[in-house]
2 protein chains.
Amino acid sequence: MVDSKRQRELRQDVEALYFGYRTFTSLPDRILAERGLGRAHHRILYFVQREPGIAIGDLLSLLKVTKQAIHRPLKDLEKLGLLTLAPDAQDKRIRRITTSADGALLEAQLTGAQVRMLESVFADFDAETETRWRAVMRRLAEDNQEG
Amino acid sequence: MVDSKRQRELRQDVEALYFGYRTFTSLPDRILAERGLGRAHHRILYFVQREPGIAIGDLLSLLKVTKQAIHRPLKDLEKLGLLTLAPDAQDKRIRRITTSADGALLEAQLTGAQVRMLESVFADFDAETETRWRAVMRRLAEDNQEG
DNA sequence: GAAGTAGGTCAAGATGGTTGACTCAAAGCG
DNA sequence: CGCTTTGAGTCAACCATCTTGACCTACTTC
């Protein structure tokens with residue numbers, strides 16, 4: 001019985017991760033929809049903002065998608081003037097991506113919505129709890145590199 | 001500076017949630033792919049297992065999708081003998097879903113993979129950390145009911 | 001000069017959703 | 001009893017995102 005109680009607890013964790021993530025992504029989705037954009041655009045904006053001048057190939061590796069998949073959203077963002085693509089000074093095959101002022105603004109709005117949601121959750125707990133949650137989440141994210 | 005450090009920390013949390021969730025779902029995805037099934041099938045199996053005899057309409061509300069979206073995966077699962085649909089004894093309009101033995105087995109395999117991943121992560125932390133992580137995750141999942 | 005690398009593009013297809021309209025059977029109600 | 005509502009199924013058209021596979025160009029490297 002102890003074991004099945006433990007299993008139930010873990011299943012509830014799986015569920016919390018599912019529901020939590022769903023709300024978490026639905027926030028920026030609404031903002032994106034107003035502009036006719038989707039999640040794919042947010043992911044690109046986020047990683048470009050995190051790593052300005054990132055090469056297209058590195059972006060593909062990070063997102064674990066094919067170049068065909070990134071093509072359309074990337075072009076959309078460029079056309080909207082939210083991103084700039086420019087060849088690397090040394091290796092001209094490589095195209096480096098940076099956000100424009102507008103792009104940075106939108107990215108801040110999108111990720112900001114998620115950050116504010118986290119802040120609101122953390123407000124219900126003490127600093128120690130937040131630190132421990134963060135440690136577990138990072139450990140969970142680490143596994144990513146392997147599989 | 002203190003504030004921007006805080007913002008960087010929170011952005012990293014957003015990222016950890018993204019990466020963590022991605023690995024988390026990629027596990028069952030592989031098992032599903034072997035059977036020619038997708039995530040939609042897992043979600044149905046999970047919630048039917050959690051709430052045996054759940055009505056189709058309630059499943060739709062939980063998953064926040066339309067009946068047209070659930071239709072195909074539901075029929076797939078029925079054809080494969082993983083689910084059983086039967087009219088409610090009182091209200092014959094309502095169709096109640098239950099998992100078959102095979103369906104329960106597959107569900108256990110799928111969610112079990114996720115549970116084992118969580119166990120492996122928790123193994124790196126003490127019980128207190130796990131409890132606190134769980135509390136934050138549940139709070140995050142709660143927000144779901146609103147938006 | 002040949003081979004390898006970064007990236008772009010065309011094509012076809014899978015998945016997983018959407019909106020909208022319509023049907024049917026059963027239930028609820030005046 | 002008849003009308004309305006409700007739960008569900010289905011057809012159609014459409015959209016977003018992603019895939020595999022093939023092929024091309026420009027540039028770098030050896």
Side-chain angles (χ1 to χ4, degrees), chain A residues 18 21-22 25-26 28-48 53-80 83-98, chain B residues 18 21-22 25-26 28-48 53-80 83-98:
Chain A
Y18 167 69
Y21 188 78
R22 191 172 73 178
T25 50
S26 76
D29 278 358
R30 278 177 239 163
I31 302 168
L32 286 158
E34 287 168 20
R35 301 211 184 201
L37 301 174
R39 272 182 212 180
H41 301 95
H42 182 196
R43 284 199 289 266
I44 294 172
L45 282 173
Y46 174 82
F47 283 110
V48 172
I54 189 174
I56 290 189
D58 292 341
L59 188 57
L60 296 179
S61 308
L62 262 175
L63 296 176
K64 286 191 188 169
V65 293
T66 59
K67 56 186 173 180
Q68 293 92 328
I70 220 102
H71 189 245
R72 217 176 286 216
L74 199 57
K75 237 163 124 178
D76 293 341
L77 292 170
E78 196 190 8
K79 271 190 189 164
L80 290 169
L83 288 184
T84 308
L85 286 120
D88 181 84
Q90 273 72 48
D91 188 338
K92 289 175 196 167
R93 289 171 305 180
I94 297 170
R95 297 183 75 194
R96 304 214 161 269
I97 324 171
T98 44
Chain B
Y18 167 68
Y21 188 77
R22 192 173 72 178
T25 50
S26 75
D29 278 358
R30 279 177 237 163
I31 301 168
L32 287 158
E34 287 167 21
R35 303 212 183 200
L37 301 174
R39 272 182 212 182
H41 301 95
H42 182 195
R43 284 198 289 267
I44 294 172
L45 282 173
Y46 174 82
F47 283 110
V48 171
I54 188 173
I56 290 189
D58 292 341
L59 188 57
L60 295 179
S61 308
L62 262 175
L63 297 177
K64 285 191 188 169
V65 292
T66 59
K67 58 186 172 180
Q68 293 93 328
I70 219 104
H71 189 245
R72 218 174 284 218
L74 200 58
K75 237 163 124 178
D76 293 342
L77 292 170
E78 197 189 8
K79 271 190 187 164
L80 290 168
L83 288 184
T84 309
L85 286 120
D88 181 86
Q90 274 72 49
D91 188 337
K92 289 175 196 168
R93 289 170 306 178
I94 297 171
R95 297 185 74 196
R96 303 213 162 269
I97 323 171
T98 44

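Just so it is clear: chains get the letters A, B, ... in the order the sequence lines come, proteins before strands, and each one is counted from 1.
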Between [atom1] on residue [X] and [atom2] on residue [Y], distance to nearest 0.5 Å:
X       : Y       : atom1 : atom2 : value
B:Ile94 : B:Lys92 : CD1   : NZ    : 13.0 Å
A:Glu34 : A:Asp29 : CD    : CG    : 11.5 Å
A:Lys67 : A:Leu59 : NZ    : CG    : 14.5 Å
B:Ile54 : B:Arg96 : CD1   : CZ    : 9.0 Å
A:Leu63 : A:Asp58 : CG    : CG    : 11.0 Å
B:His71 : B:Ile56 : NE2   : CD1   : 8.5 Å

[X] and [Y]: which non-hydrogen atoms are nearest, and at how many Å?
X       : Y       : result
B:Ala69 : B:Pro73 : O-CD, 3.5 Å
A:Asp91 : A:Asp88 : N-OD2, 2.8 Å
B:Leu60 : B:Thr66 : CD2-O, 3.6 Å

Self-check item: Covered region of DNA chain D, 5' end to 3' end, by chain B [heavy atoms, under 4.0 Å]
Solution: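 Result: D:dT6 to D:dC11.
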
Self-check item: Intermediate values then yes/no, side chain to side chain contact (heavy atoms under 4.5 Å, CB included), A:Ile97 and A:Leu77
Solution: CA-CA 11 Å; A:Ile97 324 171; A:Leu77 292 170; over 6 Å; no

Quiz prompt | Spacing between A:Ile94 atom CD1 and C:dG4 atom P, to the nearest angstrom | solution =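 A:Ile94 atom CD1 is separated from C:dG4 atom P by 18 Å.
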
Quiz prompt | Separation of C:dA6 P from A:Leu74 CG (nearest whole Å) | solution =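 It works out to 17 Å between those atoms.
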
Practice problem: May I ask you to test the B:Leu83-B:Thr98 pair for a side-chain heavy-atom distance under 4.5 Å? | Solution: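 No, every pair of side-chain atoms sits at 4.5 Å or beyond.
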
Quiz item: Do A:Ser26 and A:Arg22 come close enough that some side-chain heavy atom pair is under 4.5 Å?
Solution: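 No; the side chains remain at least 4.5 Å from each other.
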
Quiz item: When the nearest nucleotide of DNA chain D is assigned to B:Leu60 and to A:Gly36 on a heavy-atom basis, which residue is associated with the more 5' position?
Solution: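 Counting from the 5' end, the first nearest nucleotide belongs to B:Leu60.
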
Quiz prompt | Check: A:Arg39 side chain, A:Leu32 main-chain N or O, donor-acceptor pair, under 3.5 Å | solution =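 No, because the side chain of A:Arg39 does not come within donor-acceptor range (under 3.5 Å) of the backbone of A:Leu32.
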
Quiz prompt | Sequence-aligned protein contact record of nucleotides 25-30 of chain C, with B where the base is within under 4.0 Å of a protein heavy atom and S where only the sugar-phosphate is | solution = -BS---

Quiz item: If you fit an axis to the five pairs at each end of the helix from C:dG1-D:dC30 to C:dG30-D:dC1, how big is the angle between those two axes, to 10 degrees?
Solution: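 For the helix from C:dG1-D:dC30 to C:dG30-D:dC1, the axes at opposite ends meet at about 20°.
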
Quiz item: Hey, can you pull the residues of residues 37-46 of chain B with a non-hydrogen atom under 4.0 angstrom from DNA chain D?
Solution: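 None, since no heavy atom is under 4.0 Å.
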
Quiz item: In residues 65-72 of chain A, which residues come under 4.0 Å of DNA chain D by heavy atom?
Solution: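 Residues of residues 65-72 of chain A under 4.0 Å from DNA chain D: A:Val65, A:Thr66, A:Gln68, A:Ala69.
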
Please tabulate, for side-chain N and O atoms in residues 40-47 of chain A, each donor-acceptor pair with protein atoms closer than 3.5 Å (sequence neighbours left out).
from    : atom 1 : to       : atom 2 : distance (Å)
A:His41 : ND1    : A:Gly38  : N      : 2.9
A:His41 : ND1    : A:Gly38  : O      : 3.4
A:His41 : NE2    : A:Asp76  : OD2    : 3.0
A:His42 : NE2    : A:Thr111 : OG1    : 3.1
A:Tyr46 : OH     : B:Arg11  : O      : 3.4
A:Tyr46 : OH     : B:Glu15  : OE1    : 2.5

